[in-house]
Amino acid sequence: MLQKNFKRHFIFLAIGLLLLFILNISFGSVSIPIKDILNILFGNTETKESWQIIIINFRLPKAITAVLVGSGLSVAGLLMQTLFRNPLAGPFVLGISSGASLGVALLILGSSLFGGYFLSNSFSNWSLPIASSLGAFIVLFAVIIAANKIRNTMSILIIGLMFGSLTSAIISVLSYFSEAAQIQQFIFWSFGSLGNLSWPEILIFFIIYIFGIIATIAIVKPLNSFLLGENYAKSLGINIKKNRNIILLITSLLTGVITAFAGPIAFVGLAVPHVARMLFTTSNHKILIPAVLIIGAIVMLICDTIAQLPTSEFTLPINAITSLFGAPIVIWLLVRKKKLFV
Amino acid sequence: MNIDKKHIVISTESLTIGYQHKKQDKIVLSNINFSIKKGELVCVLGKNGIGKSTLLRTLSKVQKPISGHINLEGKKLSHYKENELSKKLSLVLTERLPESQLTVYELIALGRQPHTNWLDTITANDTKKIELAISQTDIFHLKDKRFYELSDGQLQRVLIARALAQDTEVIILDEPTAHLDMHQTLNIFELLKKLALETKKTIIISSHEINIALKMADKIVLLKENEMQFGTTDNLSKANAFDNLFPNNLLIFNKTLQQFVINKS
């Protein structure tokens with residue numbers, strides 16, 4: 001039920017998103033005039049060929065990745081917070097991101113332990129995403145099995161946290177026995193990066209992403225009923241178990257694919273839903289889902305733009321930027337509002 | 001006799017309630033038999049821990065009975081699907097709502113979910129039902145507030161409005177007057193009485209306010225150790241059902257007043 005008119009909010013956010021997208025593309029080690037960037041984006045080929053290659057093959061994929069990563073993680077965060085009715089839930093808390101990291105750690109660090117089985121220095125483009133998704137799915141699978149046995153959502157949250165520390169511990173052990181070069185490689189991955197995707201990779205990313213978003217929209221009714229708690233939701237005819245599993249599946253798909261392609265990115269999934277709730281002062285998912293999608297994309301574009309600004313020669317790790325800005329935002333929200341909602 | 005039977009909305013047949021365990025079932029109360037008619041206000045009374053909530057949870061299909069049957073509108077409760085039941089039976093629970101920014105209106109509108117499409121679109125008919133529920137519970141002045149701003153008494157009225165908007169034959173309320181002062185408790189009882197009379201909905205509540213319940217309820221379900229009794233206050237009083245309900249004789253039943261009084265001696 002839409003009581004207030006949020007049209008103005010959405011128009012402003014959409015314009016902001018568009019401007020940030022173009023701004024993001026216009027920054028980089030080679031300076032290209034805005035006019036030429038727009039020309040290239042609209043398919044005009046009368047510009048320098050090198051500029052076209054930079055825009056089409058490097059900056060545009062990176063900006064699109066930023067949009068997908070930011071909005072996808074934010075939706076996953078919103079789903080987790082609603083399911084667990086806990087404002088501190090997010091993809092990280094459930095251990096899904098840690099699972100993805102474990103997959104990558106096993107691939108990069110484990111290769112030295114298990115000998116030449118993994119052709120240590122020459123990974124194909126695909127081995128990282130596959131390892132990461134597998135790790136995410138294994139942790140998710142364990143969480144789903146636990147969730148079906150345990151009714152209490154709080155316990156599931158704690159189980160997620162335990163899986164998180166378990167995977168971190170395994171990664172520590174792996175690091176301890178690994179060589180410096182491989183540890184360095186793993187640390188670089190864990191900084192996060194939006195840049196290295198080719199167009200075919202973006203297509204795969206986009207297909208999984210869009211599946212997750214459509215599935216989220218399809219369960220908007222159960223999501224709103226969860227605002228009353230599980231017992232009321234059940235009395236409204238909602239199948240709790242089924243919808244809970246759908247939410248877990250969407251979250252793991254989105255988090256798995258994002259972590260695979262962009263590394264473990266912290267804070268966006270946790271902070272963006274709170275920013276959306278504050279801007280729109282509602283808990284209605286019909287408003288929050290589109291709001292979180294746009295704000296998540298905006299936040300990620302800002303972070304990426306900041307990451308490449310300082311020297312313009314090379315970029316700062318994206319994961320550091322999201323944490324540097326995400327943590328103060330969450331603290332500021334808590335201090336100002338004194339209360340976080342679901 | 002036939003006409004009477006037609007009006008029966010919910011009834012139980014040798015119902016045994018309790019909790020199912022792998023080794024042995026824990027029986028709370030057995031041999032529960034009653035039939036509740038359309039438009040009746042029924043109070044479930046009994047000591048703490050006697051099984052009032054267990055009975056209400058069983059009636060609302062939150063937990064399974066150990067044995068016996070519950071019939072709702074001529075069909076066994078166990079045969080209802082979740083979404084089918086949500087159009088027949090609505091709940092008001094004691095549990096706290098999770099913290100969210102829902103407004104009173106939005107909260108009541110959620111009661112329409114069993115009747116809306118997959119996108120939860122509110123139609124003109126839904127709006128009509130929501131507004132009716134708001135006027136029946138007299139909370140128009142609260143509708144734009146957020147539910148966490150309300151007092152306990154106001155929130156209880158809003159939750160009742162939500163159940164009314166769900167538009168079901170039966171409304172089950174678990175201790176709707178817990179945490180309320182005497183004045184607000186009476187207010188809620190009056191509201192429920194009025195709703196049962198005007199809307200012809202069957203309202204089943206559990207309560208510790210035994211004296212108010214004896215005055216206001218159409219029927220009483222009295223739960224005691226090892227037995228239950230069912231009837232009007234008058235009938236149960238004549239059958240001496242209220243004698244020795246509480247131990248130690250601190251509270252005794254006065255038959256002329258049909259109320260419990262404190263035993264001063």
Side-chain angles (χ1 to χ4, degrees), chain A residues 1-4 78 81-89 151 153-154 214-243 273-274 276-289 291 337-342, chain B residues 56-57 60-63 80-123 126-127 130 143-144 146-149 158-159 162-163 165-166 168 170-172 174:
Chain A
M1 184 64 205
L2 236 176
Q3 279 193 82
K4 286 183 209 154
L78 176 68
Q81 287 169 11
T82 300
L83 176 66
F84 293 112
R85 290 174 292 283
N86 189 322
L88 291 177
R151 284 213 179 142
T153 40
M154 272 311 213
I214 289 171
T216 305
I217 293 166
I219 57 165
V220 69
K221 190 171 166 176
L223 284 174
N224 275 339
S225 78
F226 277 144
L227 292 174
L228 297 178
E230 275 183 15
N231 285 330
Y232 276 118
K234 198 177 165 222
S235 83
L236 286 167
I238 302 296
N239 185 334
I240 303 291
K241 217 174 184 178
K242 187 180 104 189
N243 283 292
H274 291 299
R277 282 191 204 99
M278 230 183 73
L279 272 180
F280 287 83
T281 58
T282 184
S283 291
N284 186 347
H285 289 81
K286 278 194 218 172
I287 307 292
L288 282 183
I289 293 170
K337 292 273 288 182
K338 294 195 173 67
K339 208 170 183 184
L340 284 180
F341 295 103
V342 169
Chain B
L56 293 191
R57 286 163 63 88
S60 50
K61 215 188 167 185
V62 173
Q63 70 185 74
Y80 277 92
K81 286 189 189 115
E82 270 157 343
N83 56 350
E84 200 184 354
L85 186 65
S86 64
K87 290 177 186 166
K88 296 278 181 202
L89 195 149
S90 54
L91 300 178
V92 175
L93 305 166
T94 42
E95 65 184 42
R96 281 173 60 93
L97 295 175
E99 281 180 2
S100 72
Q101 305 192 77
L102 282 177
T103 64
V104 165
Y105 190 93
E106 285 174 319
L107 202 156
I108 297 169
L110 281 174
R112 294 302 299 165
Q113 275 211 350
H115 309 273
T116 57
N117 65 2
W118 69 276
L119 258 178
D120 207 12
T121 316
I122 300 287
T123 63
D126 293 321
T127 310
I130 294 165
K143 78 175 172 53
D144 293 323
R146 308 208 176 257
F147 78 83
Y148 57 80
E149 299 171 328
V158 169
L159 289 172
R162 192 208 62 85
Q166 204 173 329
T168 55
V170 183
I171 303 177
I172 293 181
D174 192 10

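Just so it is clear: chains get the letters A, B, ... in the order the sequence lines come, proteins before strands, and each one is counted from 1.
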Which atoms form the tightest heavy-atom contact between A/A218 and B/W118, and what is the distance? CA-CZ3, 3.9 Å

Got a donor-acceptor contact below 3.5 angstrom from the B/Q101 side chain to the A/R277 backbone? yes

Taking every heavy-atom pair that is under 4.5 Å apart, which of B/L89, B/N117, B/L85, B/L107 has the most such pairs with chain A? B/N117

Heavy-atom proximity to chain A below 4.5 Å, by part of B/T116: both

pair B/L110-A/N224: side-chain heavy atoms closer than 4.5 Å: yes

Contacting moiety of B/K81, where chain A heavy atoms sit under 4.5 Å: neither

What's the spacing between B/E106 CD and A/N284 CG if we round to 0.5 Å? 5.5 Å

Are A/T281 and B/R146 close enough, and set up right, to give a side chain to side chain contact (heavy atoms under 4.5 Å, CB included), and what steps lead you there? CA-CA 10 Å; A/T281 58; B/R146 308 208 176 257; 3.8 Å; yes

Tell me, side chain or backbone of B/R162 under 4.5 Å from chain A's heavy atoms, or both, or neither? side chain

Identify which part of B/S100 has an atom lying under 4.5 Å from any heavy atom of chain A, answering side chain, backbone, both or neither. both

Closer than 3.5 angstrom, by distance alone: can the side chain of A/Y232 be matched with the main-chain N or O of B/L93 as a donor-acceptor pair? yes

Side chain from CB out, backbone as N, CA, C, O: work out which of these in B/I172 comes under 4.5 Å of a heavy atom of chain A, or both, or neither. neither

Donor-acceptor contact present, side-chain B/Q113 to main-chain A/K221, <3.5 Å: yes

For A/I238, is it the side chain, the backbone, both, or neither that has a heavy atom closer than 4.5 Å to a heavy atom of chain B? both

Where the side chain of A/K286 meets the backbone of B/L119, is there a donor-acceptor pair that is under 3.5 Å apart? yes

Counting heavy-atom pairs under 4.5 Å to chain A, which of B/D126, B/L102, B/T121 comes out on top? B/L102

Atom of B/S86, atom of A/L236 and distance for their closest heavy-atom approach: CB-C, 3.5 Å

